[in-house]
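Below, read A as the first sequence line, B as the second, and so on, with proteins coming before strands; counting in each chain starts at 1. Predicted, not measured: the structure shown is a model, and the values here were computed from it. These values consider heavy atoms only, across backbone and side chains, with no hydrogens, waters or symmetry-generated copies.
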Protein chains: 2
Amino acid sequence: MARTQGSHSDITGPRIQAAALKLFAQHGYAAVSMRQIAKEVGVQAGALYNYTPDKQSMLFRLMKTHMVDLLTAWEESESPEGPLEQLRHFTRFHIRFHRERPEEVFIAYMELRNLSPENFAEIEALRGQYENALETILKAGVEAGQFHVPDTKIATLAVIAMLTGVNTWYRAGGRLSLDEVEAIYWDMVRKSVAP
Amino acid sequence: MARTQGSHSDITGPRIQAAALKLFAQHGYAAVSMRQIAKEVGVQAGALYNYTPDKQSMLFRLMKTHMVDLLTAWEESESPEGPLEQLRHFTRFHIRFHRERPEEVFIAYMELRNLSPENFAEIEALRGQYENALETILKAGVEAGQFHVPDTKIATLAVIAMLTGVNTWYRAGGRLSLDEVEAIYWDMVRKSVAP
DNA sequence: GTCTATAGATCGATAGAC
DNA sequence: GTCTATCGATCTATAGAC
(Lines give C-alpha, C1' and ligand atoms only; values in the text may rest on other atoms or scores of the structure.)
Protein backbone atom coordinates (compact mmCIF):
# COMPACT_ATOMS: atom_id res chain seq x y z
CA MET A 1 0.00 0.00 0.00
CA ALA A 2 1.27 3.41 -0.91
CA ARG A 3 2.42 5.67 1.80
CA THR A 4 0.26 8.62 2.78
CA GLN A 5 1.47 11.83 1.27
CA GLY A 6 4.14 13.51 3.37
CA SER A 7 4.78 10.45 5.50
CA HIS A 8 8.45 9.74 5.21
CA SER A 9 9.05 7.30 7.99
CA ASP A 10 7.25 5.03 10.39
CA ILE A 11 10.02 5.28 12.95
CA THR A 12 9.66 8.98 13.55
CA GLY A 13 8.25 8.28 17.02
CA PRO A 14 11.37 6.57 18.35
CA ARG A 15 13.58 9.13 16.66
CA ILE A 16 11.72 11.90 18.48
CA GLN A 17 12.22 10.11 21.77
CA ALA A 18 15.91 9.71 21.05
CA ALA A 19 16.30 13.36 20.11
CA ALA A 20 14.50 14.51 23.24
CA LEU A 21 16.64 12.22 25.36
CA LYS A 22 19.84 13.60 23.91
CA LEU A 23 18.84 17.25 24.06
CA PHE A 24 17.22 17.15 27.50
CA ALA A 25 20.32 15.47 28.90
CA GLN A 26 22.59 17.97 27.23
CA HIS A 27 20.84 21.27 27.88
CA GLY A 28 18.04 20.52 30.32
CA TYR A 29 14.31 20.18 29.74
CA ALA A 30 13.48 23.85 30.23
CA ALA A 31 16.26 25.02 27.94
CA VAL A 32 15.27 22.81 25.00
CA SER A 33 12.58 23.96 22.57
CA MET A 34 10.25 21.85 20.53
CA ARG A 35 11.83 23.39 17.46
CA GLN A 36 15.25 22.11 18.51
CA ILE A 37 13.90 18.61 18.95
CA ALA A 38 12.17 18.77 15.58
CA LYS A 39 15.34 20.00 13.90
CA GLU A 40 17.35 17.13 15.42
CA VAL A 41 14.82 14.68 13.96
CA GLY A 42 14.54 16.48 10.66
CA VAL A 43 10.88 17.48 10.77
CA GLN A 44 8.98 20.65 11.48
CA ALA A 45 7.90 21.49 15.02
CA GLY A 46 4.23 20.92 14.34
CA ALA A 47 4.86 17.32 13.35
CA LEU A 48 5.98 16.46 16.88
CA TYR A 49 2.42 16.84 18.07
CA ASN A 50 1.42 13.76 16.12
CA TYR A 51 3.44 11.79 18.67
CA THR A 52 3.03 13.65 21.93
CA PRO A 53 0.27 15.82 23.36
CA ASP A 54 2.83 18.24 24.76
CA LYS A 55 6.40 18.73 25.90
CA GLN A 56 5.72 17.60 29.45
CA SER A 57 4.55 14.21 28.23
CA MET A 58 7.81 13.72 26.38
CA LEU A 59 9.76 14.21 29.60
CA PHE A 60 7.46 11.98 31.60
CA ARG A 61 7.62 9.21 29.06
CA LEU A 62 11.41 9.26 29.03
CA MET A 63 11.58 9.07 32.79
CA LYS A 64 8.89 6.44 33.20
CA THR A 65 10.40 4.22 30.53
CA HIS A 66 13.74 4.47 32.26
CA MET A 67 12.38 3.58 35.69
CA VAL A 68 10.30 0.69 34.38
CA ASP A 69 13.30 -0.62 32.45
CA LEU A 70 15.37 -0.41 35.62
CA LEU A 71 12.85 -2.34 37.70
CA THR A 72 12.28 -4.92 34.99
CA ALA A 73 15.97 -5.52 34.47
CA TRP A 74 16.47 -5.93 38.20
CA GLU A 75 13.62 -8.37 38.55
CA GLU A 76 14.83 -10.40 35.59
CA SER A 77 18.39 -10.56 36.84
CA GLU A 78 19.56 -13.76 38.44
CA SER A 79 19.55 -13.31 42.22
CA PRO A 80 22.20 -15.32 44.08
CA GLU A 81 21.83 -16.91 47.52
CA GLY A 82 22.62 -15.05 50.71
CA PRO A 83 22.64 -11.33 51.60
CA LEU A 84 26.34 -10.79 50.91
CA GLU A 85 26.15 -12.24 47.42
CA GLN A 86 22.92 -10.37 46.79
CA LEU A 87 24.54 -7.11 47.81
CA ARG A 88 27.41 -7.81 45.48
CA HIS A 89 24.92 -8.57 42.75
CA PHE A 90 23.06 -5.30 43.38
CA THR A 91 26.29 -3.29 43.36
CA ARG A 92 27.36 -4.79 40.08
CA PHE A 93 23.89 -4.48 38.55
CA HIS A 94 23.47 -0.86 39.57
CA ILE A 95 26.82 0.26 38.22
CA ARG A 96 26.37 -1.58 34.91
CA PHE A 97 22.78 -0.56 34.29
CA HIS A 98 23.39 3.09 35.07
CA ARG A 99 26.65 3.19 33.18
CA GLU A 100 24.90 1.96 30.05
CA ARG A 101 22.34 4.77 30.16
CA PRO A 102 24.06 7.98 31.25
CA GLU A 103 21.54 10.23 29.53
CA GLU A 104 18.47 8.56 31.01
CA VAL A 105 20.04 8.55 34.47
CA PHE A 106 20.99 12.19 34.21
CA ILE A 107 17.48 13.19 33.23
CA ALA A 108 15.91 10.98 35.90
CA TYR A 109 17.84 12.85 38.57
CA MET A 110 17.92 16.37 37.21
CA GLU A 111 14.46 16.89 35.80
CA LEU A 112 12.28 15.72 38.67
CA ARG A 113 11.25 19.28 39.44
CA ASN A 114 10.05 19.79 35.90
CA LEU A 115 7.47 17.03 36.20
CA SER A 116 3.87 17.91 36.93
CA PRO A 117 2.84 16.89 40.46
CA GLU A 118 0.99 13.79 39.25
CA ASN A 119 3.86 12.67 37.06
CA PHE A 120 6.34 13.36 39.83
CA ALA A 121 4.42 11.14 42.24
CA GLU A 122 4.43 8.28 39.76
CA ILE A 123 8.17 8.48 39.15
CA GLU A 124 8.90 8.75 42.85
CA ALA A 125 6.87 5.63 43.53
CA LEU A 126 8.92 3.69 41.02
CA ARG A 127 12.12 5.00 42.54
CA GLY A 128 10.86 3.87 45.94
CA GLN A 129 10.34 0.36 44.58
CA TYR A 130 13.92 0.22 43.44
CA GLU A 131 15.19 1.44 46.80
CA ASN A 132 13.13 -1.24 48.48
CA ALA A 133 14.98 -3.90 46.53
CA LEU A 134 18.24 -2.86 48.15
CA GLU A 135 16.74 -2.29 51.57
CA THR A 136 15.30 -5.80 51.55
CA ILE A 137 18.79 -7.18 51.00
CA LEU A 138 20.25 -5.05 53.77
CA LYS A 139 17.50 -6.05 56.21
CA ALA A 140 18.06 -9.73 55.53
CA GLY A 141 21.77 -9.30 56.05
CA VAL A 142 21.28 -7.47 59.34
CA GLU A 143 18.85 -10.16 60.51
CA ALA A 144 21.38 -12.85 59.63
CA GLY A 145 24.11 -10.98 61.47
CA GLN A 146 26.15 -10.61 58.29
CA PHE A 147 25.69 -6.84 58.08
CA HIS A 148 25.67 -4.10 60.61
CA VAL A 149 23.97 -0.84 59.67
CA PRO A 150 22.50 1.62 62.16
CA ASP A 151 19.54 2.31 59.84
CA THR A 152 18.68 0.24 56.77
CA LYS A 153 16.75 3.04 55.06
CA ILE A 154 19.63 5.48 55.30
CA ALA A 155 22.15 2.83 54.38
CA THR A 156 20.06 2.13 51.28
CA LEU A 157 20.13 5.76 50.21
CA ALA A 158 23.81 6.11 51.06
CA VAL A 159 24.81 3.09 48.98
CA ILE A 160 22.69 4.14 46.02
CA ALA A 161 24.07 7.69 46.14
CA MET A 162 27.61 6.34 46.24
CA LEU A 163 27.05 3.98 43.31
CA THR A 164 25.17 6.45 41.15
CA GLY A 165 28.08 8.82 41.61
CA VAL A 166 30.06 6.64 39.22
CA ASN A 167 28.18 8.27 36.37
CA THR A 168 29.59 11.69 37.20
CA TRP A 169 33.17 10.74 36.48
CA TYR A 170 33.42 7.40 34.61
CA ARG A 171 34.34 7.63 30.97
CA ALA A 172 34.90 4.62 28.74
CA GLY A 173 38.55 4.28 27.80
CA GLY A 174 39.68 6.02 30.96
CA ARG A 175 42.21 4.95 33.55
CA LEU A 176 40.05 2.12 34.89
CA SER A 177 38.03 -0.64 33.26
CA LEU A 178 34.44 -1.14 34.31
CA ASP A 179 35.48 -4.39 36.00
CA GLU A 180 38.01 -2.50 38.09
CA VAL A 181 35.47 0.17 38.97
CA GLU A 182 33.04 -2.50 40.10
CA ALA A 183 35.69 -4.15 42.22
CA ILE A 184 36.62 -0.87 43.89
CA TYR A 185 33.03 0.04 44.69
CA TRP A 186 32.22 -3.45 45.85
CA ASP A 187 35.11 -3.26 48.29
CA MET A 188 33.74 -0.02 49.74
CA VAL A 189 30.09 -1.09 49.79
CA ARG A 190 30.90 -4.41 51.41
CA LYS A 191 32.94 -2.82 54.15
CA SER A 192 30.49 0.03 54.74
CA VAL A 193 27.83 -2.41 55.93
CA ALA A 194 30.21 -4.85 57.62
CA PRO A 195 29.56 -5.90 61.23
CA MET B 1 22.11 63.36 52.16
CA ALA B 2 18.81 62.85 50.46
CA ARG B 3 18.20 59.65 48.61
CA THR B 4 18.22 59.74 44.83
CA GLN B 5 14.79 59.79 43.39
CA GLY B 6 13.44 56.30 42.87
CA SER B 7 16.04 54.68 45.08
CA HIS B 8 14.12 52.80 47.72
CA SER B 9 16.75 50.58 49.22
CA ASP B 10 20.46 50.06 49.39
CA ILE B 11 20.08 46.35 50.01
CA THR B 12 18.43 45.59 46.70
CA GLY B 13 21.55 43.79 45.54
CA PRO B 14 21.50 41.11 48.24
CA ARG B 15 17.75 40.74 47.86
CA ILE B 16 18.17 40.05 44.17
CA GLN B 17 20.78 37.40 44.95
CA ALA B 18 18.45 35.82 47.50
CA ALA B 19 15.53 35.81 45.08
CA ALA B 20 17.63 34.27 42.32
CA LEU B 21 18.90 31.63 44.73
CA LYS B 22 15.42 30.66 45.77
CA LEU B 23 13.90 30.63 42.31
CA PHE B 24 16.82 28.91 40.54
CA ALA B 25 16.77 26.17 43.18
CA GLN B 26 13.02 25.77 42.91
CA HIS B 27 12.45 25.86 39.17
CA GLY B 28 15.89 25.72 37.57
CA TYR B 29 17.95 28.46 35.95
CA ALA B 30 16.52 28.05 32.48
CA ALA B 31 12.94 28.03 33.70
CA VAL B 32 13.20 31.25 35.69
CA SER B 33 12.76 34.61 33.96
CA MET B 34 14.28 37.92 34.93
CA ARG B 35 10.74 39.20 35.40
CA GLN B 36 10.06 36.48 37.99
CA ILE B 37 13.17 37.44 39.92
CA ALA B 38 12.23 41.10 39.77
CA LYS B 39 8.73 40.35 41.02
CA GLU B 40 10.10 38.37 43.95
CA VAL B 41 12.24 41.36 44.92
CA GLY B 42 9.51 43.88 44.26
CA VAL B 43 11.13 45.84 41.45
CA GLN B 44 10.72 45.99 37.70
CA ALA B 45 12.79 43.75 35.46
CA GLY B 46 14.90 46.57 34.10
CA ALA B 47 16.15 47.46 37.57
CA LEU B 48 17.95 44.12 37.88
CA TYR B 49 20.47 45.27 35.30
CA ASN B 50 21.80 47.83 37.74
CA TYR B 51 23.20 44.87 39.69
CA THR B 52 24.13 42.29 37.11
CA PRO B 53 25.27 42.54 33.50
CA ASP B 54 23.10 39.54 32.58
CA LYS B 55 21.33 36.44 33.82
CA GLN B 56 24.36 34.19 33.38
CA SER B 57 26.38 36.35 35.77
CA MET B 58 23.74 35.90 38.44
CA LEU B 59 24.08 32.13 38.24
CA PHE B 60 27.86 32.23 38.19
CA ARG B 61 28.02 34.55 41.18
CA LEU B 62 25.74 32.27 43.22
CA MET B 63 27.84 29.22 42.44
CA LYS B 64 31.19 30.89 42.93
CA THR B 65 30.16 32.40 46.25
CA HIS B 66 29.01 28.98 47.39
CA MET B 67 32.22 27.22 46.42
CA VAL B 68 34.44 29.90 47.93
CA ASP B 69 32.39 29.82 51.13
CA LEU B 70 32.81 26.05 51.23
CA LEU B 71 36.58 26.17 50.81
CA THR B 72 36.96 29.02 53.27
CA ALA B 73 34.86 27.30 55.91
CA TRP B 74 36.89 24.12 55.48
CA GLU B 75 40.22 25.89 55.76
CA GLU B 76 39.07 27.78 58.83
CA SER B 77 37.76 24.69 60.58
CA GLU B 78 39.89 23.16 63.31
CA SER B 79 41.68 20.14 61.93
CA PRO B 80 42.35 17.35 64.45
CA GLU B 81 45.40 15.08 64.57
CA GLY B 82 45.59 11.83 62.63
CA PRO B 83 43.84 10.60 59.46
CA LEU B 84 40.98 8.85 61.25
CA GLU B 85 40.03 11.92 63.25
CA GLN B 86 40.48 14.09 60.19
CA LEU B 87 38.15 11.87 58.20
CA ARG B 88 35.58 12.09 60.96
CA HIS B 89 36.00 15.84 60.95
CA PHE B 90 35.50 15.99 57.18
CA THR B 91 32.39 13.81 57.36
CA ARG B 92 30.86 15.97 60.02
CA PHE B 93 31.87 19.20 58.29
CA HIS B 94 30.52 18.14 54.92
CA ILE B 95 27.14 17.06 56.24
CA ARG B 96 26.69 20.20 58.36
CA PHE B 97 27.85 22.67 55.76
CA HIS B 98 25.74 21.20 52.98
CA ARG B 99 22.73 20.73 55.20
CA GLU B 100 22.77 24.41 56.09
CA ARG B 101 22.64 25.47 52.42
CA PRO B 102 20.33 23.13 50.53
CA GLU B 103 19.51 25.68 47.84
CA GLU B 104 23.12 26.60 47.10
CA VAL B 105 24.10 22.92 47.00
CA PHE B 106 21.25 22.03 44.71
CA ILE B 107 22.18 24.78 42.26
CA ALA B 108 25.87 23.93 42.44
CA TYR B 109 25.12 20.39 41.28
CA MET B 110 22.22 20.94 38.89
CA GLU B 111 23.16 24.05 36.99
CA LEU B 112 26.71 23.26 35.93
CA ARG B 113 25.62 22.76 32.34
CA ASN B 114 24.07 26.22 32.25
CA LEU B 115 27.38 27.91 32.93
CA SER B 116 29.38 29.37 30.08
CA PRO B 117 32.53 27.34 29.35
CA GLU B 118 34.79 29.83 31.14
CA ASN B 119 32.55 30.00 34.20
CA PHE B 120 32.23 26.23 34.25
CA ALA B 121 36.00 25.78 34.29
CA GLU B 122 36.33 28.13 37.24
CA ILE B 123 33.68 26.33 39.29
CA GLU B 124 35.13 22.94 38.47
CA ALA B 125 38.57 24.06 39.62
CA LEU B 126 37.10 25.07 42.99
CA ARG B 127 35.31 21.76 43.27
CA GLY B 128 38.58 19.99 42.55
CA GLN B 129 40.24 21.87 45.40
CA TYR B 130 37.59 20.64 47.81
CA GLU B 131 37.96 17.06 46.61
CA ASN B 132 41.69 17.35 47.13
CA ALA B 133 41.11 18.14 50.79
CA LEU B 134 39.48 14.76 51.30
CA GLU B 135 41.90 12.88 49.08
CA THR B 136 44.82 14.25 51.08
CA ILE B 137 43.30 12.79 54.24
CA LEU B 138 42.71 9.44 52.59
CA LYS B 139 46.24 9.29 51.20
CA ALA B 140 47.73 10.02 54.61
CA GLY B 141 45.57 7.31 56.16
CA VAL B 142 46.60 4.77 53.55
CA GLU B 143 50.26 5.67 54.02
CA ALA B 144 49.91 5.23 57.78
CA GLY B 145 48.20 1.88 57.29
CA GLN B 146 45.04 3.12 58.97
CA PHE B 147 42.94 3.03 55.81
CA HIS B 148 42.68 0.66 52.92
CA VAL B 149 41.23 1.96 49.67
CA PRO B 150 42.01 0.53 46.25
CA ASP B 151 42.05 4.03 44.71
CA THR B 152 42.11 7.26 46.71
CA LYS B 153 40.63 9.36 43.92
CA ILE B 154 37.61 7.12 43.50
CA ALA B 155 37.21 6.71 47.23
CA THR B 156 37.15 10.50 47.49
CA LEU B 157 34.37 10.81 44.96
CA ALA B 158 32.47 7.89 46.47
CA VAL B 159 32.53 9.36 49.97
CA ILE B 160 31.53 12.82 48.79
CA ALA B 161 28.67 11.39 46.71
CA MET B 162 27.45 9.39 49.68
CA LEU B 163 27.58 12.36 52.04
CA THR B 164 26.03 14.85 49.67
CA GLY B 165 23.14 12.44 49.26
CA VAL B 166 21.98 13.45 52.72
CA ASN B 167 20.55 16.59 51.18
CA THR B 168 18.14 14.61 49.02
CA TRP B 169 16.21 13.19 51.93
CA TYR B 170 17.03 14.94 55.22
CA ARG B 171 14.36 17.25 56.55
CA ALA B 172 14.58 19.11 59.85
CA GLY B 173 12.14 17.72 62.37
CA GLY B 174 12.19 14.31 60.73
CA ARG B 175 12.78 10.90 62.27
CA LEU B 176 16.46 11.52 62.94
CA SER B 177 18.39 14.42 64.45
CA LEU B 178 21.36 15.78 62.59
CA ASP B 179 23.63 14.29 65.27
CA GLU B 180 22.16 10.87 64.59
CA VAL B 181 22.54 11.30 60.86
CA GLU B 182 26.17 12.25 61.31
CA ALA B 183 26.78 9.21 63.50
CA ILE B 184 25.19 6.88 60.95
CA TYR B 185 27.18 8.26 58.04
CA TRP B 186 30.38 8.32 60.05
CA ASP B 187 29.91 4.63 60.80
CA MET B 188 29.58 3.86 57.11
CA VAL B 189 32.38 6.14 55.93
CA ARG B 190 34.79 4.85 58.56
CA LYS B 191 34.12 1.24 57.66
CA SER B 192 34.19 1.83 53.90
CA VAL B 193 37.87 2.83 54.06
CA ALA B 194 38.85 0.42 56.82
CA PRO B 195 41.83 -1.92 56.30
C1' DG C 1 1.88 12.28 8.73
C1' DT C 2 4.05 16.35 7.48
C1' DC C 3 3.95 20.82 5.91
C1' DT C 4 3.36 26.14 6.27
C1' DA C 5 1.63 29.72 8.84
C1' DT C 6 0.36 31.86 12.79
C1' DA C 7 -1.96 32.93 17.29
C1' DG C 8 -0.82 34.56 21.65
C1' DA C 9 2.37 34.73 25.16
C1' DT C 10 6.84 35.48 27.01
C1' DC C 11 11.66 36.02 26.81
C1' DG C 12 16.47 38.89 27.72
C1' DA C 13 18.04 43.14 27.39
C1' DT C 14 18.02 48.23 26.39
C1' DA C 15 16.55 53.33 26.13
C1' DG C 16 15.23 57.28 28.19
C1' DA C 17 12.39 59.83 31.74
C1' DC C 18 12.61 61.13 36.43
C1' DG D 1 18.38 53.55 41.18
C1' DT D 2 13.98 52.63 39.53
C1' DC D 3 10.48 53.35 36.43
C1' DT D 4 7.78 52.65 31.85
C1' DA D 5 7.97 51.20 27.35
C1' DT D 6 9.62 48.57 23.86
C1' DC D 7 12.68 46.00 20.41
C1' DG D 8 13.43 41.80 18.31
C1' DA D 9 13.59 37.16 19.12
C1' DT D 10 11.65 32.99 20.63
C1' DC D 11 8.39 30.04 22.77
C1' DT D 12 4.30 26.20 22.89
C1' DA D 13 0.65 24.79 20.63
C1' DT D 14 -2.89 24.84 16.98
C1' DA D 15 -5.22 25.26 12.24
C1' DG D 16 -5.68 23.92 7.81
C1' DA D 17 -3.61 22.51 3.22
C1' DC D 18 -1.93 18.49 0.92
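The side chain of A:Gln44 lies closest to C:dC3, out of C:dC3, C:dT2, C:dA13. Closest to the side chain of B:Ala47, out of C:dC3, D:dC3, C:dA13, is D:dC3. Set against D:dT6, C:dT2, C:dT14, the side chain of B:Arg35 has D:dT6 as its closest nucleotide. Distances were taken from every side-chain heavy atom of A:Thr12 (C-beta onward) to each of C:dA13, C:dT4, C:dT2; the shortest belongs to C:dT2. Here the side chain of B:Lys55 is nearest to one of D:dT14, C:dA13, D:dG1, namely C:dA13. Considering only the side chain of A:Tyr49, D:dT14 comes nearest among C:dC3, D:dT2, D:dT14.
Taking atom OH of residue B:Tyr51 and atom P of nucleotide C:dA13, one finds them 18 Å apart after rounding to whole Å. Spacing between atom CG of B:Leu48 and atom C1' of C:dA13 amounts to 11 Å, rounded to whole angstrom units. B:Ile16 places its CD1 atom 11 Å from the P atom of D:dG1, with the value rounded to the nearest Å. Protein atom CG of A:Asn50 is 6 Å distant from nucleotide atom P of C:dT2, rounded to whole Å.
For the side chain to side chain donor-acceptor pair (under 3.5 Å) test, no residue two or more places apart in sequence or in another chain qualifies with B:Gln146. Residues forming a side chain to side chain donor-acceptor pair (under 3.5 Å) with A:Arg113 (at least two apart in sequence, or on another chain): B:Glu111. Scanning for salt bridge (Lys or Arg N to Asp or Glu O under 4.0 Å) contacts around B:Lys39 gives an empty result, with sequence neighbours left out. Not counting sequence neighbours, the partners of B:Glu40 by the salt bridge (Lys or Arg N to Asp or Glu O under 4.0 Å) test are B:Lys22.
Across residues 25-34 of chain A, A:Val32, A:Ser33, A:Met34 each have a non-hydrogen atom less than 4.0 Å from an atom of DNA chain D (numbered order).
A salt bridge does not link B:Glu180 to B:Arg175: none of the charged nitrogens lies less than 4.0 Å from a carboxylate oxygen.
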Return a table of donor-acceptor pairs under 3.5 angstrom between the side chains of residues 90-97 of chain B and protein atoms on other chains or two or more places apart.
| unit_1 | atom_1 | unit_2 | atom_2 | d |
| --- | --- | --- | --- | --- |
| B:Thr91 | OG1 | B:Leu87 | O | 2.9 |
| B:Arg92 | NH1 | B:Glu182 | OE1 | 2.8 |
| B:His94 | ND1 | B:Tyr130 | OH | 2.7 |
| B:His94 | NE2 | B:Thr164 | OG1 | 2.8 |
| B:Arg96 | NE | B:Glu182 | OE2 | 2.2 |
| B:Arg96 | NH2 | B:Asp179 | OD1 | 2.8 |
| B:Arg96 | NH2 | B:Glu182 | OE2 | 3.1 |

